[in-house]
Amino acid sequence: MHVQNSNPFVKPNEKYLHAVYSNSKTVAMTSISMTIGGQPVTLKIPLPTEKVTADTMLPLFQELTNFLVEMSVKSAEKAGKQVSCKKGCGACCSQLVPITELEVSHLKKVVDEMPVAQQTEVHKKFQHAAQQLAAANLLEKLRRPQNLNKDQRIKLGLDYFQLDIPCPFLENQSCSIHPHRPMACREYLVTSPVKNCSTPQLGEIDGIQVPRKVSYAVTQLTKQKRKSQSDWLPLILALEHHPQEPANKQKLQPGIDWLKEILAKLS
Ligand code: SF4
């Protein structure tokens, strides 16, 4: 992705380009103009021209997330705030992380491609977490969050945090899958003191406000398909979830149409 005009802080991401090229036979650079936070921006994005599934577009959605978060960080810095999140701080990685169906499939692939020893360790951590959640009577609630109202979901998040279950991908207080981390993780940055992240129930967390969340837009995209099922899935149950539709039945459309759908949901 390349951004023209007034946003020199966003640079093309080689890994992203690589991911798109590896999944698509034909890719064309496409310019998209939009206004974000009152600021006009033009994104130059490589997009697959052939019909692809939404999974193929995940690198774009991740990159769009990074871009919007970077814009939000710049705005916060202009207002005199400073992001306090640092490498080696995983205080927020015991929170309940909502992920999209696309990310479930992606994370499964990431785990499948890990060296065997690491893969075994990660599977063990997921299993141990499920046992802890079952013992605390939270497992079934997490499997069916669509049965909960807003207050119950908030309580679920707080109860979950109380269990202090580190994300299975957290190693030495750092994210072991950083380039693949969910969009919700990318969108979570704070400017308040790091110690406040250990007590989120006190409401002393000052988060970076991302005006348009790609994670939410992608959730809306997959929610349409899932109908009666929940609009989000917890990261901690990612490996036990099975995609609703086989790959050969998934919607196919050119990259530009996926981008238009996401931008429509973002606005
Ligand atoms: S995926 Fe990475 S950033 Fe997200 S909660 Fe897990 S360890 Fe933290």
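Computation of the quantities below employed the complete heavy-atom set of this structure, encompassing side-chain atoms and omitting hydrogens, waters and symmetry-equivalent molecules. Note that ligands are numbered from 1 as they come in the structure, with each ligand's atoms numbered from 1 the same way.
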Chemist: With backbone taken as N, CA, C and O and side chain as the heavy atoms from C-beta onward, which portion of Pro168 lies under 4.0 Å from ligand 1: side chain, backbone, both, or neither?
Modeler: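 Neither; nothing of Pro168 gets under 4.0 Å from ligand 1.
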Chemist: Looking at atom 6 (Fe) of ligand 1, what's its closest protein heavy atom, distance included?
Modeler: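 Ranked first by proximity to atom 6 (Fe) of ligand 1 is Cys167 SG, 2.4 Å.
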Chemist: Among all protein heavy atoms, pick out the one at the shortest distance from atom 8 (Fe) of ligand 1; state its residue, atom name and that distance to 0.1 Å.
Modeler: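 Result: Cys93 SG, 2.3 Å.
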Chemist: Checking only N/O/S atoms, does Cys185 have one that is under 2.8 Å from atom 4 (Fe) of ligand 1?
Modeler: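 Coordinating: yes.
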Chemist: Does a side-chain heavy-atom distance below 4.5 Å link Leu58 with Glu103?
Modeler: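 Yes, close enough: below the 4.5 Å cut-off.
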Chemist: For ligand 1, which atoms sit closer than 4.0 Å to a heavy atom of Pro182?
Modeler: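 Listed by number with element: 1 (S).
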Chemist: Could you check whether Asp112 pairs with Lys108 (Lys NZ or Arg NE/NH1/NH2 to Asp/Glu carboxylate O, under 4.0 Å)?
Modeler: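 No, Asp112 and Lys108 are not salt-bridged.
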Chemist: Assess Cys175: does it contribute an N, O or S atom lying under 2.8 Å from atom 2 (Fe) of ligand 1?
Modeler: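 Yes, since at least one N, O or S atom of Cys175 sits under 2.8 Å from atom 2 (Fe) of ligand 1.
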Chemist: Can a salt bridge be assigned to the pair Asp257 and Lys51 using a cut-off of 4.0 Å between side-chain N and carboxylate O?
Modeler: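 A salt bridge is absent here (no side-chain N lies under 4.0 Å from a carboxylate O).
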Chemist: Would you call the rings of Phe126 and Phe169 parallel, tilted or perpendicular, where under 30° means parallel and over 60° means perpendicular?
Modeler: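 Phe126 and Phe169: perpendicular rings.
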Chemist: How long is the straight-line distance from OG1 of Thr56 back to CG of Leu47, given to the nearest 0.5 Å?
Modeler: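 That separation rounds to 12.0 Å.
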